[in-house]
Amino acid sequence: MMRLRATFTAALLALATPAMASDPCADFIPQPKPQNASRDIVGQDIDQIMDRGFMTFAVYEDYPPYSWEEAGKPRGIDIDIARIIAEDLGVAPRFKFVTAGENLDADLRNNIWQGPVVGGAVSNVMLRVPYDSAFNCRVEQVVFTGQYMTESIAIAYSEADYPDGGPVPAYFRIDTVAVENDSIADFYLTSFAGGQLARGVRRYPTMQAAMQALAEGEVMAAMGPLAQLEYGAVDGIAIHQPPLPGFAKSRWTLGTGSHFAYRGLSYSVDDAIFAALSDGRIAEIFESYGLTHQPPER
């Protein structure tokens, strides 16, 4: 899905030159600050949010186990984390399910600091925003706080096909592996070793469909984010995280984004998430979905 292109973009931007190793923003010239003239941002500061009694969260649509609707009700890890944030501020959460843009810049522009080209408005907070210092200093319109998890790439596999242990990428010269189309795993496998693994790659519209294909025996393995693999795993499927040669960044931190003009809100969001990390509430959310919580780098 396109949403993983955003993660892939952030991963590429994380590759700094030696001169930037100590300061990833050393070569960056600050942008002109946008003016707060749009009606879309009216009522977004923390005082007005608390006065009106609700806050809005942008979450990706149809994206289990992170965010989706079931029988008209929002569900998922990001939904439950948003509820923790809203509860900490003493307001009600409202969710805006959004489609992913071409890249992370577009997602943040459409949902946090400017709004979509046609219809709609910005949200107070966006979840599942990759945190990367080299990227963050280049998007001055957004404040990146509230890191709540680390995501990583893994491989799920059929235990019947691999009785002696899980496969490594080189196996897919011959063996079949399912990926989400245009995802970070898709890019990696089709470009690895000059494209030698491309013949084994089978693309599906979602990671959920890829895991279903693995469960039904259409493929021997599936590659993607650990949480999505765990959520789609059934009996007979195991998951491991082998070394991934040539992978620029197979682990990344995820957090929240909010409008640069409302730093008070972003700090309150961060405080709520830090408290929930400290007392185990976020780990409990992951456990309730049968997933492993990988603590973030904060």
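Numbering of residues begins at 1 and proceeds along the displayed sequence.
To the nearest 0.5 Å, atoms CE (M149) and CD (Q294) are separated by 6.5 Å. Taking CD1 of I184 as the start and OG of S250 as the end, the distance is 8.5 Å to the nearest 0.5 Å. In this structure, CZ on R128 lies 6.5 Å from CD on E151, to the nearest 0.5 angstrom. To the nearest 0.5 Å, the span separating CG on L226 from OG1 on T292 amounts to 5.5 Å. Taken to the nearest 0.5 Å, the OG atom of S67 stands 5.5 Å off from the CD1 atom of I79. Atom-to-atom distance recorded for R138:CZ and D132:CG is 9.0 Å, nearest 0.5 angstrom.
In this structure, D107 contributes its side chain and G101 its backbone to a donor-acceptor pair below 3.5 Å. At least one donor-acceptor pair under 3.5 Å links the side chain of N124 to the backbone N or O of T56. S266 places no side-chain N or O within 3.5 Å of a backbone atom of T145 that could act as its donor or acceptor partner. Between the side chain of T150 and the backbone N or O of P295 there is at least one donor-acceptor pair closer than 3.5 Å.
Around CD of E287, the count of heavy atoms belonging to other residues, nucleotides or ligands within 6.0 Å does not exceed 12. Within 6.0 Å of CD on Q241 lie more than 12 heavy atoms contributed by other residues, nucleotides or ligands.
Linking Ile, Leu, Val, Met, Phe, Trp and Tyr residues whenever their side-chain heavy atoms come within less than 4.5 Å places M50 and V269 in a single cluster. Hydrophobic clustering keeps F274 apart from I285 (ILVMFWY residues linked when any side-chain heavy atoms are closer than 4.5 Å, directly or through intermediates). Linking Ile, Leu, Val, Met, Phe, Trp and Tyr whenever their side-chain heavy atoms come within less than 4.5 Å leaves Y267 and F144 in two separate clusters. Linking Ile, Leu, Val, Met, Phe, Trp and Tyr whenever their side-chain heavy atoms come within less than 4.5 Å leaves Y171 and I174 in two separate clusters.
E180 is not listed as a side-chain neighbour of Y204, based on a closest heavy-atom distance of 4.5 Å or more. Side-chain contact check for Y131 versus N136: some heavy-atom pair is nearer than 4.5 Å. Within the 4.5 Å cutoff, side-chain heavy atoms of F192 are placed close to those of P245. M223 is listed as a side-chain neighbour of L189, based on a closest heavy-atom distance under 4.5 Å. Looking only at side-chain heavy atoms (C-beta outward), S268 and D88 stay at 4.5 Å or farther from each other. In this structure, the side chains of V122 and W113 stay at 4.5 Å or more apart for every pair of heavy atoms. Under the 4.5 Å side-chain criterion, counting only non-hydrogen atoms from C-beta, L244 is in contact with P169. Two residues are said to be in side-chain contact when any heavy atoms from C-beta on lie closer than 4.5 Å; F57 and S123 fail this criterion.
A cation-pi arrangement is present between R52 and F54 under the rule of less than 6.0 angstrom and at most 45 degrees off the ring axis.
Of all the heavy atoms in S258 and I112, the pair that sits closest is C-CG2, 3.5 Å. Minimum heavy-atom separation, I84 to A276: CG2-CB, 3.9 Å. Residues M55 and L89 come closest through the heavy atom pair SD-CD2, 4.0 Å. Minimum heavy-atom separation, V91 to I49: CG1-O, 3.8 Å. Nearest heavy-atom pair, R83 versus P74, reported as atom, atom and distance to 0.1 Å: NH2-O, 3.5 Å. Taking both residues in full, the closest heavy atoms of L277 and P296 are given as CD1-CG, 4.0 Å, listed atom of the first, atom of the second, then distance.
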Fill in: Residues L291, Y231; criterion side-chain contact (heavy atoms from CB on, under 4.5 Å); working and verdict
CA-CA 7 Å; L291 308 177; Y231 189 71; 4.0 Å; yes
Item to complete: Kindly indicate, with the supporting measurements, whether the criterion side-chain contact (heavy atoms from CB on, under 4.5 Å) is fulfilled by R203 and D186.
Response: CA-CA 8 Å; R203 296 179 179 85; D186 185 4; 3.0 Å; yes
Discussion item. Applying side-chain contact (heavy atoms from CB on, under 4.5 Å) to I273 and I85, what does each step give before you reach the verdict?
Written reply: CA-CA 7 Å; I273 287 177; I85 296 169; 3.9 Å; yes
Practice prompt. Evaluate the side-chain contact (heavy atoms from CB on, under 4.5 Å) criterion for residues I239 and E230: first the C-alpha distance (whole Å), next the side-chain angles of each, then the deciding distance (0.1 Å), finally the verdict.
Written response: CA-CA 8 Å; I239 300 170; E230 289 184 327; 3.8 Å; yes
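Below 30°, between 30° and 60°, or above 60°: for F286 and H293 the angle between ring planes is between 30° and 60°, a tilted geometry.
When ring centroids are compared, H240 and Y157 come within the 6.0 Å threshold.
Side-chain contact annotation: E216 with Q212, donor-acceptor N/O pair under 3.5 Å present. Side-chain atoms of D78 and Y60 form no donor-acceptor pair, as typed in the model, at a separation below 3.5 Å. A donor atom on one side chain and an acceptor atom on the other are not found under 3.5 Å apart for Q141 and R109.
A salt bridge links R298 to D270: at least one charged side-chain nitrogen sits closer than 4.0 Å to a carboxylate oxygen.
Applying the ring-ring contact (aromatic ring centres under 6.0 Å, His included) criterion to Y66, with sequence neighbours excluded, gives Y63.
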